[in-house]
Amino acid sequence: MKFSEDQASAYDAVADVLKASGIDLDDALLMPESSGKQQTLAVLGKAGSGKTMLLAKLGEALSEAGVDTISGDYEGKARKDRRTLAILAPTNKAASVLRNRGVAATTIHRILYTPMYDPEYEKIAEWLAGNAEKPEIEGLSDTALERAYLFFQTNKSVPGALAVAGLRGSDFIIGWKRRDDPLDVGFVDEASMLDDKQLEDLQDIFSTLILFGDPAQLAPVGQSGSMAFDGLPDKRKLVLSRVHRQADDNPILDLAHALADPQLEFHHFEKMIEEAAQKDERVVVAPRVDAAAMARAPVLVWRNATRIRLIHAFRNAYGAPAEMLLSGEPLICDGIELPMKHRKKRIDLEARGLIKGAQAIYLSEGRKPGFSRLHVVGAAEPQVSAATIIKIEMPDEEEPFIPSAARMGAAFVHGAACTIHKAQGSQWRDVQVFAPDIYAASRAGRTEAGIALWKRLTYVAITRAEHRLLWVTRYMLAKPEIPLGTEDLRAFAAPVLELEAQASDAD
């Protein structure tokens with residue numbers, strides 16, 4: 001795909017900002033950062049406007065110019081002449097969407113906090129990164145090192161390579177620390193999810209920060225309907241207005257952009273969905289929720305009560321016993337419940353991908369009471385075992401059922417259904433949107449930043465779909481034809497990162 005006129009203008013504007021910081025993309029010339037002045041720029045556009053493509057092309061140009069991309073799992077030793085780039089997303093799922101498109105993305109948490117490696121195993125990391133000769137490590141054979149090397153050639157993950165060599169995270173990562181050394185350039189995708197505090201933290205780290213965001217999405221909770229980039233001067237905001245479509249058009253994007261019409265009412269929009277479904281298989285009007293699809297992609301709702309009811313309908317459909325979880329049940333991380341004295345353990349859990357909003361699949365109980373084996377969706381090393389507090393909220397009851405109850409650790413709620421607010425930043429191949437909740441929002445008559453709330457909710461919900469949108473019209477659920485399982489996760493199977501050793505004294 002070639003740049004549109006507005007993409008080309010945005011590329012040139014970003015290149016000018018980079019040139020002022022000593023990175024000349026035209027001549028592939030790098031100079032030390034000298035201005036000392038922090039620069040923040042926002043590239044804004046609705047779904048399909050080409051933000052991700054522009055981010056990827058800029059990342060490629062920086063790499064070709066000799067700028068080092070920082071992955072977050074290992075940084076290497078600092079060099080005086082080095083210039084750096086980090087491509088970030090607020091969640092693991094959002095970062096994995098970029099990685100699936102060939103962009104070396106990591107999460108904001110992995111940049112704010114950096115791992116400290118055991119000096120002996122740091123030699124392997126330096127060798128893998130191409131900065132040192134192949135080391136000799138007591139207890140590791142040449143065959144194990146070669147396995148690590150071959151893994152790194154395709155995955156570019158130091159922890160993953162060391163795990164393939166037979167090491168656990170507790171062997172080579174001895175702790176985590178908040179970043180001391182600043183970085184040069186930061187690209188942040190899904191910047192509409194940032195709050196003001198996160199933006200300030202990133203501006204402290206990066207001398208040049210480029211935000212890529214969608215102003216039509218929902219503002220973060222607590223932001224009073226505004227995005228973190230709204231406070232930037234107008235001259236620091238670049239707008240992509242043209243919508244890039246597939247050769248045969250994209251009906252989901254057509255529906256998303258139709259929501260910009262201020263005269264559009266909910267019943268008119270549903271009629272548009274019905275007409276799109278008659279013409280294109282990528283839009284489906286579904287009379288009931290599909291339980292099998294909920295196992296890997298949550299049905300998106302507005303109201304919390306709807307979410308809880310659908311979760312219990314899902315569990316009943318699979319015959320899940322009330323007192324335990326089935327292997328394959330989806331979860332969503334609700335934060336880390338650890339006191340401040342265990343701050344290092346909190347950082348370790350977050351670094352493994354267990355941050356608020358992260359999706360996970362329950363595999364089995366862990367080796368210790370209160371621990372669970374999980375597959376963290378979108379994480380570079382997805383299989384972990386960690387102390388968990390899993391809460392399943394009950395309809396019309398204040399207290400949840402808790403099938404896994406460590407005293408401290410990663411907290412989870414069930415993930416078969418999810419509010420549209422929490423779904424921001426994520427994408428799934430097929431997405432079910434629960435239309436009765438959208439209708440309820442339209443009847444409530446609420447607005448956010450001057451736009452009807454139901455339109456913002458609908459825009460975010462339908463643009464989570466990468467390929468197919470299922471618009472569910474009734475309070476009904478289609479039962480699954482096969483039992484719940486984890487066979488689909490075998491392609492991601494790798495040595496489990498045991499967090500039990502690090503957390504043992506906190507348990």
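Since the model is a prediction, treat every value here as computed from it, not as a measurement.
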Are the side chain of Arg464 and the backbone of Ser426 linked by a donor-acceptor contact shorter than 3.5 Å?
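A pair under 3.5 Å: yes.
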
Once salt bridge (charged side-chain N to carboxylate O under 4.0 Å, His left out) is applied, do any residues pair with Asp334, and if so which ones, sequence neighbours excluded?
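Asp334 satisfies salt bridge (charged side-chain N to carboxylate O under 4.0 Å, His left out) with Lys356, Lys422 once adjacent residues are dropped.
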
Holding to salt bridge (charged side-chain N to carboxylate O under 4.0 Å, His left out), I want the full list of residues that pass it with Arg315, two or more places apart in sequence or in another chain.
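Applying salt bridge (charged side-chain N to carboxylate O under 4.0 Å, His left out) to Arg315 gives Glu329.
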
Is any side-chain heavy atom of [Y] closer than 4.5 Å to one of [X]?
X      : Y      : result
Leu194 : Leu202 : yes
Ile361 : Arg296 : yes
Asp430 : Gln432 : no
Leu88  : Thr106 : yes
Leu363 : Leu489 : yes
Leu255 : Leu469 : yes
Val185 : Phe206 : no
Gln424 : Glu190 : no

[X] to [Y] - nearest heavy-atom pair and separation:
X      : Y      : answer
Phe229 : Ala42  : CB-CB, 4.2 Å
Ala161 : Phe152 : CB-CB, 4.2 Å
Pro220 : Met227 : CD-SD, 4.4 Å
Ala47  : Asp214 : N-OD2, 3.4 Å
Val43  : Lys51  : O-CD, 4.0 Å
Ala94  : Pro90  : CB-CD, 4.5 Å

Could you measure the distance from the [atom1] atom of [X] to the [atom2] atom of [Y]? Nearest 0.5 Å is fine.
X      : Y      : atom1 : atom2 : answer
Leu331 : Thr388 : CG    : OG1   : 8.5 Å
Thr107 : Leu112 : OG1   : CG    : 8.5 Å
Glu466 : Arg282 : CD    : CZ    : 13.5 Å
Glu365 : Arg373 : CD    : CZ    : 11.5 Å
Arg456 : Ile420 : CZ    : CD1   : 13.0 Å
Leu209 : Leu183 : CG    : CG    : 11.0 Å

Could you go step by step and tell me if Phe412 and Leu325 meet the side chain to side chain contact (heavy atoms under 4.5 Å, CB included) rule?
CA-CA 12 Å; Phe412 290 89; Leu325 287 170; over 6 Å; no

Residues pairing under side-chain hydrogen bond (donor to acceptor under 3.5 Å, both in side chains) where one sits in residues 474-486, two or more places apart or in two chains, turn out to be Arg303-Tyr475

Side chain to side chain contact (heavy atoms under 4.5 Å, CB included) for Phe314 and Val299? Distances and angles first, verdict last.
CA-CA 10 Å; Phe314 168 86; Val299 57; over 6 Å; no

side-chain hydrogen bond (donor to acceptor under 3.5 Å, both in side chains) with Arg307: which residues, sequence neighbours excluded?
Asn304, Glu393

Sequence neighbours excluded, the answer for ring-ring contact (aromatic ring centres under 6.0 Å, His included) partners of Tyr439 is Phe266

Please name all residues satisfying ring-ring contact (aromatic ring centres under 6.0 Å, His included) with Trp471, sequence neighbours left out, ordered by chain then number.
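Testing Trp471 for ring-ring contact (aromatic ring centres under 6.0 Å, His included), a comparison that skips the adjacent residues, returns Phe269.
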
Does CD belonging to Glu323 count more than 12 external heavy atoms closer than 6.0 Å?
yes

For the residue pair Thr40 / Gln203, report whether a side-chain donor-acceptor contact shorter than 3.5 Å exists.
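A pair is found: one side chain offers a donor N or O, the other an acceptor, under 3.5 Å apart.
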
Assess the residue pair Leu199 and Leu211 against the criterion (side chain to side chain contact (heavy atoms under 4.5 Å, CB included)); give the C-alpha distance rounded to whole Å, side-chain angles, the decisive distance to 0.1 Å, and a yes or no.
CA-CA 10 Å; Leu199 179 57; Leu211 310 177; 4.0 Å; yes

Would you mind checking if Lys197 and Asp195 are paired as a salt bridge, meaning a charged N to carboxylate O distance below 4.0 Å?
no

With side chain to side chain contact (heavy atoms under 4.5 Å, CB included) as the criterion, how do Phe187 and Val103 come out once you've worked through the C-alpha distance, each side chain's angles and the decisive distance to 0.1 Å?
CA-CA 11 Å; Phe187 290 170; Val103 179; over 6 Å; no

